[in-house]
Structures are given as C-alpha cells and as structure tokens.
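These numbers come from the heavy atoms of this one structure, side chains and all, not from hydrogens, waters or symmetry mates.
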Amino acid sequence: MFERLGYEQAIDHTEHEVTYAGTAEYLGNIPDHIRCDKFVWDPALPITDQLRPLLAARPPYDRIIARHELLITPAAELRAEFDIPGMRPETARNFRDKVAMKRTLAEAGFRVPRYMTFDQLDGTAARWPGATIVKPRDESGSQGIELFATFDEAAAFVREQSRRSADFAAAYELEEYVEGPIWHVDGFLFDGEAVVAQPSRYVGTPLRFENGEPLGSLQIDDPELADWAVRCVRALGGETLTFHLEAIMTEEGPVFMEAAARCGGGHIVRATELRTGAYLHTLDMASDVESALATRFIGPARADLSHGFFLFPGHVHGGAEVIVEVADGLLDDPLVLSHSIVAPGTPTRRKNSYRPEHLPLSGVVAGPDAAGVERWLRRLLDTTTVLTRSPSCTEAYDGLGCAPDDHELAHRLAEEAGTLLLGLRTERAFAEPKALKDLGDTRSHEFLTAALARHRPLDAVLSEEGVADPGRLNAHRVWIVDPLDGTREFSEAGRDDWAVHVALWAEGRLVAGAVALPAQGIVLSTASTPAAPPAAARALGILGSRSRPPAFLKEAADRVGAELVAMGSAGAKTAAVVQGRARAYIHAGGQYEWDSAAPAAVALAAGLHVSRLDGTPLRYNQSDPYLPDLLVCQAADAPALLVAVREATEAQAQR
C-alpha cells in the first residue's frame, strides 16, 4: 500500500516531519529507511478522538493527507478544528453523503436521479413510477443496494426496515433507477482547474461486480462529458483533489450518479497514467504538500491508445480456493499490457475489494481502437470461469461456528412449524389449494419469525415471506428460513414432498440448519448429523424440479447413466440424497437463498458435496438473495456430475 500510493515519491521525508497514522498492519508496510513517526490507532474507536491529542501536543502540522474514502470526513473535521489548509467538513459531506451531493448538484442545475429520504415519504414530494433503488447514503462499491420494480415496493421496504431499526431511516435513501450505460470520469483538479479528466465506460456495472460478475472498463474520448464532470466536481466544492465520478448516459445527456474525492479503484490509476501521463496519487499529494502543481509527476502520454482494465471479483467465493480458467491464448493477445492471475488453489478474500491483489484475475489492456478493446473485454468476461475447488465447497459449513443450542433451536423450530402446517392441512383440507398455500406460507412465517425474535432477538432474519432487512448484510448472524418449501405439493392431497427450512448463517458460513418433512414424519438437522448410507445402498436416480426441470438435465443424467426423477421441494430432494434414496439433486433455472440454505447445511454436515453447478460454493446473505442453481451429491460423484452438467449445457446451447 505504501509503495502503491507513492508516499516516498510525493513527500521528501528528509525535509518534512511526517507522522503516519493507521492500524499496526497498515503501518507495517512502511519501509524501515523512511524517516517518520508512527501513530497506531484502534479502528474500532473514533479516528478524530484518537488523533486530536496528537495534533494538539505537537507543533502545528501543515497538512493532513487522507487517501482512504472513509478517512475523508475525519480529516476534514480535524483540518477545520486545527486550522490546517485543505478540504473542510461541508465539502467532505458533499463527497460522502449521496443525498447531499445530489441536492447540491440539482441546485446548481445538473441533472440527477429523483431521490427521497425517509422523512419525505409521507410528505408532498413527488413519486416516480418506475424501478427504484434503496441505497446507503455513505457506502461505496455498490454495497448494500437493493433494487425494486416500483417506488411503492421500495417505500414499503424502507418503512418496514425503519420500523425495525431506528438507524435505518437516516442511513438510507430511495433513488430513481435510471437506465443507461455507466461511465466514470477520473482526474485531478488543482485550485479548481482541471489537470486531468479522463472519461471511460464500464463493461458491466459495479453493482453486478458486487454480486459476482466480472467488470471491465475502457477509455473513450468525450470532451463534453469530461467538462461536465469537472463542473460537477467544482459545484460540489472540489478545488485541489483527485476525483472519481460516475454518470449514467441517456439520450438526453449524462445523469449524475455519484462522486468521490479519491482515486478510482481497480486499475483506474494505472490506466489513467498510461493515457495521460499523470500518476494521480503522487500528483495529488505532492501538489498539496508543495502548494504548487507538481508537474514532474506528469509524464509522457499515449492519447492515441484507449486503455482499459478487467476485474474478476473474489469476495463472492467466500474465502474458498479458486482456479481460473481462461480460453487458450486470450491473455497472450497484444492488447494485454499486464495481468495477474492467482495460482490454482489460492484462497479468495471474503471482503469486497477492487484491489488487484485481492482478485482472482485482473489486468490492463490497450489498443488504438476502443471498439476493438471492448470486443476483447467482452470475450474475456463472457468466456472466463472462476471455479472453486470441490473440497472447498464443504468449507461453506462450519458446525462449530455457533452454540449447541443453535442446532437444537433450528431442529425444534422446523419441527414445530411442520406440526402447525399439518394441522392446517387437516383443518382446511384441499378444496381451495390457493387459499391453503397462502395460509400455510403466512402462518408458518409468523410462527418462525416470532419464535426467532423471542429466542434470538439480536439476530437478523431473512424469510421468503418477509421483507428483507438491509441491516442483515452487516449482521454477524442471520437466520435464513423458508416457512413452506413446496407450496404446490403442500396443497395437493397425498403428497409428502414439502418441507420447512431453518438455517443459520454466521461469519460467512452456514453453521446450523434443519429440514423438516412433516408429512413424512422426518426432521433432518445439524443437531444430530445424519450419516450418509454406504454406496451400495444408494439409489441411482438424479432428482430434478417437478415444475421447471432445466432442458439439459435429462442429457446430464444420461451422461452418467442415471434415471431422471421429478420431485417437489428442495428440502425433500436434498433429504432423499442424504438418505441414499437418490444419487444426486441438480437444480437450475431459479432459486433463492431460503430454498437451499437449510438443505445445504444438512447435506454438508452429512459429508456430501454441495455447490453451484459450476463447482463454486453457495454464498448466502447477499444483497440480492437470488441463488439460481444447486448440486447435492456424494463427494466422489461431484467431478463426474459437474463435467456432465457442463457438457450437457454446452450441447444444449449449440442446438
């Protein structure tokens, strides 16, 4: 980090008295030969409170330099308090608070998405009819964003979350979803004048990157957009700073999305340097320290080339070991200036990050034709696969990551909800299937959420029948429940392939789970790990969806010599594999976290292989709970089944 940001090049440590403040890990990156003081802070405590005594005790500091986005506001507050030149709190707020930045720009005449804070919901502010985003006011990297089809759905979600959490109302906003490609403009202003302003267009989106898709970017000449972005930054109060601004391009022109008083992530700094000759980190710091534009950090430019980059997310693999598969020769293309690919079996980082060293695959590209660079980027993003080693899929479960009574609670709640549902079946019979389905979903949901609120009041809950709480994304413990899995089967007399799912996700792992099959009188749970039967006792059928089996499934079963069998409920199908009544359960075409969390926990505890159909682990408690595919089988069968699925899928696509 120290070397990448160029502190040694931007600051003369023999001339200046420099104090670096940060965590012990961060300060450990500073080379021993650097003459400086070090101040170790506790990241759990307010930064301003820890630095205030340091600033008061020493001779006056000339500058406070903050390169991390989360430090922009504390640095601004300390500058104001100690009368140190640089950005003040009111300007910092414009670059941190998404409501403040849109309000400021709208007042200055720039087009911004329509937006609304919680306190405006019941007022006279105008609604909008289409898709609506609920987003944190001070997050970055598209974290914590929820997308809804209508304003009313988003408003209902916000009201519910605000009722549950007093902090939610102040921390989130509603924003109109504007359709169009997303651009970013990166650069540097000195005394309000643009030194660098480089437009680029994303291939993909940061929101999709957050949810697991790769991201690309390429530089495209657009002087009007560059000028518009610079005017936006000035209107926000920017004078001497690096900036990263994102905008949505529409037929009527750009719509402001957000801006940050920092360099963009990934390879943006490197790509900008190659195009403009300016290394933004050192140019910014040196110009700030010297109170003059440090032109020595602006080198030769290659404006004749369009530079770009590609990033494959690592955080979505939950710490699992990965293998990156790239088409032969693709990374040897002359367009590729540099790339980094992890060695097979390298563990991934759990926390969201755009830093190349944290990613399975990333790189920088350049070419004389922007359209050609984009075609290459799209080919790479569409054909490259990041696979998780099959043994790592079992690491998605950790039965020791919770107290023993969590296992027992999951078992008991699933069993009691199942008893409730059996009573409803008897009471209402099957004359009105839809009414029975709705009543089963509602009653079981109400029972489970009330019981969890009573027994685990500090834990978050994600239920199919409830409103998702965005606060769960930062929670250490989240119960993921499907009050009634297999509602169709529940409403049909004589069918027993429906279930109740209760699972606990904690610190990035499934830690407990239970699947109740009430009509079969069975509860499988992690409270007493079910033992898989010996191979000789296992049936050979492959289970698939009763209502929506994927087109490739019959062919995949044929490739491994198995019969395809239809069955309802993911929990019932997983239980059949655990009990040896089926060889495997394969699903594609749409599921959600609550469909598979409890079945996955039970199967993993039994020693089975559980993964996505590309071999990667299932990952839960995501902002988008859509988790569309699933494979449950014996570990020894996994390699052959994964190959069969891939080959059958490819064969179907070619027809």
Side-chain angles (χ1 to χ4, degrees), residues 146 148-161 163-164 410 412-454 460-469 472 478-503 514-523 545-549 566-575 587 589-599 624-628:
E146 298 280 351
F148 297 87
T150 67
F151 177 92
D152 289 341
E153 291 179 18
F157 172 79
V158 169
R159 287 191 177 97
E160 175 63 20
Q161 299 312 312
R163 183 185 65 79
R164 295 183 180 184
R412 178 164 56 83
L413 293 186
E415 185 174 35
E416 291 177 359
T419 300
L420 180 155
L421 289 167
L422 284 174
L424 287 177
R425 259 185 149 198
T426 302
E427 175 188 337
R428 297 299 178 102
F430 303 95
E432 298 181 35
K434 184 179 186 308
L436 182 58
K437 292 177 188 178
D438 293 344
L439 189 62
D441 277 330
T442 301
R443 292 280 182 85
S444 184
H445 167 75
E446 291 174 346
F447 167 77
L448 289 171
T449 52
L452 288 169
R454 184 168 65 255
V461 177
L462 173 63
S463 169
E464 178 179 14
E465 303 306 319
V467 177
D469 177 2
R472 68 182 169 81
V478 181
W479 292 87
I480 303 174
V481 301
D482 190 339
L484 175 52
D485 186 60
T487 51
R488 174 183 173 186
E489 288 73 25
F490 173 74
S491 69
E492 296 176 4
R495 295 204 69 96
D496 62 7
D497 49 344
W498 52 276
V500 177
H501 299 172
V502 178
V515 173
L517 303 168
Q520 300 178 32
I522 294 171
V523 181
S545 172
R546 179 186 174 209
S547 58
R548 52 183 191 279
M567 185 183 288
S569 173
K573 290 191 279 284
T574 300
H587 183 87
Q591 279 186 343
Y592 290 85
E593 292 185 11
W594 43 78
D595 292 305
S596 63
D624 182 355
Y626 187 62
L627 195 54

- request: State whether the number of non-hydrogen atoms from other residues, nucleotides or ligands found under 6.0 Å of E432 atom CD is greater than 12.
  value: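 Not buried by this count: 12 neighbours or fewer within 6.0 Å.
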message: If you count every heavy atom of other residues, nucleotides or ligands that lies below 6.0 Å from Y592 atom OH, does the total exceed 12?
response: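 No.
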Can you name the nearest heavy-atom pair linking [X] to [Y], along with the distance?
| X | Y | answer |
| --- | --- | --- |
| A451 | L413 | CB-CD2, 3.6 Å |
| G590 | Y626 | CA-OH, 3.5 Å |
| A499 | G571 | CB-CA, 4.3 Å |
| A570 | Q591 | CB-NE2, 3.7 Å |
| F430 | S491 | CD2-O, 3.3 Å |
| A598 | A514 | CB-O, 3.4 Å |

Is there side-chain contact between [X] and [Y], with heavy atoms separated by less than 4.5 Å?
| X | Y | result |
| --- | --- | --- |
| L424 | T426 | no |
| V481 | E464 | no |
| V500 | L421 | yes |
| L462 | W479 | no |

query: Are E160 and R163 close enough for a salt bridge, meaning some N to O gap below 4.0 Å?
result: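 Salt bridge between E160 and R163, a charged N being under 4.0 Å from a carboxylate O: yes.
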field: Worked check of side chain to side chain contact (heavy atoms under 4.5 Å, CB included) between V502 and L448
entry: CA-CA 9 Å; V502 178; L448 289 171; 4.0 Å; yes
Look up atom [atom1] in [X] and atom [atom2] in [Y], then write down how far apart they are to the nearest 0.5 Å.
| X | Y | atom1 | atom2 | answer |
| --- | --- | --- | --- | --- |
| E427 | L422 | CD | CG | 12.5 Å |
| M567 | D497 | CE | CG | 6.5 Å |
| D482 | T487 | CG | OG1 | 8.5 Å |

- request: Could you name each residue pair satisfying ring-ring contact (aromatic ring centres under 6.0 Å, His included) that touches residues 481-503, not counting sequence neighbours?
  value: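 For residues 481-503: F490-W498.
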task: Output every pair passing side chain to side chain donor-acceptor pair (under 3.5 Å) with a member in residues 437-446, not counting sequence neighbours, ordered by first then second residue.
output: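 The answer is K434-D438, H445-S463.
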message: Using side chain to side chain contact (heavy atoms under 4.5 Å, CB included), reason through I480 and E593 one step at a time and then give a plain yes or no.
response: CA-CA 7 Å; I480 303 174; E593 292 185 11; 3.9 Å; yes
task: Spell out, as yes or no, whether a donor-acceptor pair under 3.5 Å connects the side chain of R425 to the backbone of E492.
output: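 Side chain of R425 to backbone of E492: a pair is present.
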- request: Applying side chain to side chain donor-acceptor pair (under 3.5 Å), run through S569 and D485 and close with a yes or a no.
  value: CA-CA 5 Å; S569 173; D485 186 60; 2.7 Å; yes
